[in-house]
There are 2 protein chains.
Amino acid sequence: MESRCENCIIRQFNSLRAMSKEELKHVSDSKITKTVKKGEALFEEGDKLNGVYCVRNGISKLSKLSANGKDQIVKLATKGEVLGQRSVIAEESTNLSAIAVQDMEVCFIPKESITNTLQKNPNFTMEVLRHMAHDLKEADDVIVNISQKTVKQRIAEAFLYLKNNFGEDEQGFLALTLSREDISNVVGTATESAIRIISEFKKLGLIHTSGKKIGIKDERKLMEMVEGF
Amino acid sequence: MESRCENCIIRQFNSLRAMSKEELKHVSDSKITKTVKKGEALFEEGDKLNGVYCVRNGISKLSKLSANGKDQIVKLATKGEVLGQRSVIAEESTNLSAIAVQDMEVCFIPKESITNTLQKNPNFTMEVLRHMAHDLKEADDVIVNISQKTVKQRIAEAFLYLKNNFGEDEQGFLALTLSREDISNVVGTATESAIRIISEFKKLGLIHTSGKKIGIKDERKLMEMVEGF
DNA sequence: GGGATTCTATGACAATTGTCAGGTTTAGGA
DNA sequence: TCCTAAACCTGACAATTGTCATAGAATCCC
């Protein structure tokens, strides 16, 4: 499994694709491949990162602890995403924790490889900038959603998001299974409220469940619900 | 008032400071200084921007319309900030509207000046990247605040924010006077709820008001309230 | 396999927040 | 100045959401 970045398909999805052959070689020589088990942390809020993590497989939640002791999940990162970029660039400690919600395979890339390339390869810098611009827009959207939509709408939206971004398994369940608590932390509500609404959706025939697994039954109605009908 | 960017102090506050003398000259030659009256828009959500706006004076709200017809204010931008950068970099139409909440003086800089410099001056690109990283962190904080704090806490926090970022006038009122509606759009609540809580704060002796103007009387208690006491 | 622990579920209730409906005040233009 | 429109304010009520308590189901680990 000891493969080279030059041959890694994953990098096509992120800013590493703007690196030159040589830069990639350097990254490949300095990178460390790690396995992270479900529930384990890649890094925790406040950590000083001395590198970034390129996700090869699995999914991580990026969350932030609030004063009242609840986690707010800000983003779910999957194959191809680079975590910790923001902190390395701003030279600050991270404002988010990254915890695996599925077993993961990641490549740790020391920050020197990144900062060196940033200084020498404008294309790479520009590519990173574009990604960051995209993330910022997404964050704005989250702000608007969370503050203007009801919990019910946000949960409906979360399910659609999970389907669109992570797909479904053979039996029609969402491929990414989150605990009820994680779901409530994504939409920013109490776990009990999330559970109650999930039950309601089930009664309404919008979804079906099996254990933790959730499947979408009536996508159209869910979409209408998000829009406020 | 037709001044040159090379001499403009404002640029010390933003990424333009990483430009070379020559680049600044070019920007200065191509820029257009504009006055924007309170209530007028610099640009509206969905517009294709062919440049960025450097704020010389006054304050603008950056907001996004939600499905239910309410504006959510995502950020308040003041002297020194550059608006529209994200859209120009990502080559997308804007996701936000920028509307003056005070009379403003801004310099419009055509996007060619920006993109050219981005291609040629890595220092500038890096500086822009750092700013964007900062904005992204702030956005994350807003997400957590808005989803985990009560309306009362968010309003208290908003007042402290306004004091810290825009200061007070001679009589001890917040220098930036927002309408009750704008306040409610910052914290993401109904206007009536905001008004009610402002009345309550007044009764509790936390603030005092005169017309629209609001002054902070008991900063410590407001801070405690934000923390959840 | 069994016991402990964590996760899910539901009820009852209280607190928060939004909505509607009305008033009053303020600000700006004719 | 006065008139009008907009902004502000308050009450009453309903809907939403959070909290606490409790119980069953699933899962993990020895």
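These values consider heavy atoms only, across backbone and side chains, with no hydrogens, waters or symmetry-generated copies. Just so we're on the same page: letters track the sequence lines, and every chain starts at 1.
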Only residue of B:Arg154, B:Gln153, B:Glu157 satisfying side chain to side chain donor-acceptor pair (under 3.5 Å) with B:Asn145 is B:Glu157
Just say parallel, tilted or perpendicular for the rings of B:Phe159 and B:Phe201, cut-offs at 30° and 60°.
perpendicular
What residues in residues 177-198 of chain A put a non-hydrogen atom under 4.0 Å from any atom of DNA chain C?
A:Ser179, A:Arg180, A:Glu181, A:Glu192, A:Ile195, A:Arg196
Residues touching DNA chain D, which here means a heavy atom under 4.0 Å, drawn from residues 200-216 of chain B:
B:Lys212
Check the angle between the aromatic planes of A:Phe173 and A:His208 and answer parallel, tilted or perpendicular using the 30° and 60° thresholds.
tilted
Note: chain B reaches DNA chain D at heavy-atom distances under 4.0 Å over the stretch, first to last nt, 5' to 3', of D:dA7 to D:dA12
Charged N to carboxylate O under 4.0 angstrom, A:Lys75 versus A:Asp135?
yes
Given B:Val52, B:Ile32, B:Val82, B:Val36, the one that forms side-chain contact (heavy atoms from CB on, under 4.5 Å) with B:Val106
B:Val36
Under the side-chain hydrogen bond (donor to acceptor under 3.5 Å, both in side chains) test, residues paired with B:Ser30 that sit two or more places apart:
B:Ser113
Return the set of residues passing side-chain contact (heavy atoms from CB on, under 4.5 Å) with A:Arg130 (not counting sequence neighbours), or none when no residue passes.
A:Met126, A:Glu127, B:Ile89, B:Glu91
Are B:Ile10 and B:Asn57 side-chain neighbours, meaning at least one heavy-atom pair lies under 4.5 Å?
no
Ionic contact status for A:Lys61 with A:Asp71, cut-off 4.0 Å:
no
B:Lys79: partners by side-chain hydrogen bond (donor to acceptor under 3.5 Å, both in side chains), with sequence neighbours left out
none
